[in-house]
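Each remark here refers to the structure printed beneath this line.
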Amino acid sequence: MAEEVWVGTWRPHRPRGPIMALYSSPGPKYLIPPTTGFVKHTPTKLRAPAYSFRGAPMLLAENCSPGPRYSVNPKILRTGKDLSPAYSILGRYCTKITLTPGPGDYFPEKSSKHVFDSAPSHSISARTKTFRVDSTPGPAAYMLPVVMGPHTVGKVSQPSFSIKGRSKLGSFSDDLHKTPGPAAYRQTDVRLTKFKAPQYTMAARVEPPGDKTLKPGPGAHCPEKVTVTKPCAPIVTFGIKHSDYMTPLVVDVE
C-alpha cells in the first residue's frame, strides 16, 4: 500500500546541497572567515607562515655562453698585455722649472717684531687707492630736521594758520550738482501760447505777376501794307534775272 502513494519514480531522499527553505536564518549566505590555512584567514587570529611546494625549475639551455664567436686576443691576460719591454725614440720631455727661493731671500732679523713684543709703529704714506673710490656720504650729506615751524620731526608744534585766497571748491560759485542756471534757458515766445496781435510791415509795392517782355505799340503797325486780306494792283519789281553767284559765260574773240 505504501508504494502506491508515490507517483512516478520520485522518492523522498536527502538533499544534495543546502536548501534555503530548510533554514530560518540567512544561513550559508554569511560565512565566518576560517582559522586554518593561509588564504582568507580571519584577521582576528594569528596566521602561521605558509610554504608552497613547486616543481623543479626549468632547465637552462645547453649553450648559454656566446661560444667561439668572440675572438679574444691571446696576448691580453687578466693582468694586462703580455708583451716584452719596448723602447721608442722620442725627444727629451720638457720639465717644468719651478723658481724656489734661495737662502738669501729670507731675512730672519726682520721677524723680531712678529716673534717678540714691540711698540706700535706708525707710517706716513700717501692716501690709499681704496679711499678714492669710496662712495660713502660725508657729514655734509646729512641734514638735521628743522625744530621750528609746523614741519618738525619728533617735536610738538603749535597749530599754524595760513592766509590764502578763497577756494572755489565748496564756495557759493561752485556748482556741486552741475545744473544749468537761469541764463541757460531761452525765453519762450508768448505768441506761441497766447493770442497774437496783427503785425504790419513796411515794404515796397508788390507788382502783380505778368509778362514783362517788350511788346510793339500802335505806331509799329502799318495796316495799309496789308495785302493778305484785301485786293491790290499788280506790283512790278526791277532786279537781276540771274544770280550774282553764277559764273558768267566767257566767249573768246579773236
| Whether over 12 other heavy atoms sit under 6.0 Å from Leu46 CG | no
| CD/Glu109: more than 12 non-hydrogen atoms of other groups inside 6.0 Å | yes
Looking at every non-hydrogen atom in both residues, tell me the closest pair between [X] and [Y] and how far apart they are.
{"X": "Phe107", "Y": "Gly104", "answer": "CZ-O, 4.4 Å"}
{"X": "Gly37", "Y": "Arg47", "answer": "O-CG, 4.2 Å"}
{"X": "Phe38", "Y": "Ala48", "answer": "CD1-O, 3.9 Å"}
{"X": "His41", "Y": "Thr35", "answer": "NE2-O, 2.9 Å"}
{"X": "Ser157", "Y": "Thr152", "answer": "CB-OG1, 3.8 Å"}

| query | How many angstroms lie between atom CZ of Arg191 and atom OG1 of Thr193, to the nearest 0.5 angstrom? | reply |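 Answer rounded to 0.5 Å: 11.0 Å.
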| query | Atom NZ of Lys196 and atom CG of Asp189: how far apart are they, to the nearest 0.5 Å? | reply |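 The NZ atom of Lys196 sits 8.5 Å away from the CG atom of Asp189.
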| query | Got Glu207 and Lys212 here, is their nearest side-chain heavy-atom distance under 4.5 Å? | reply | yes
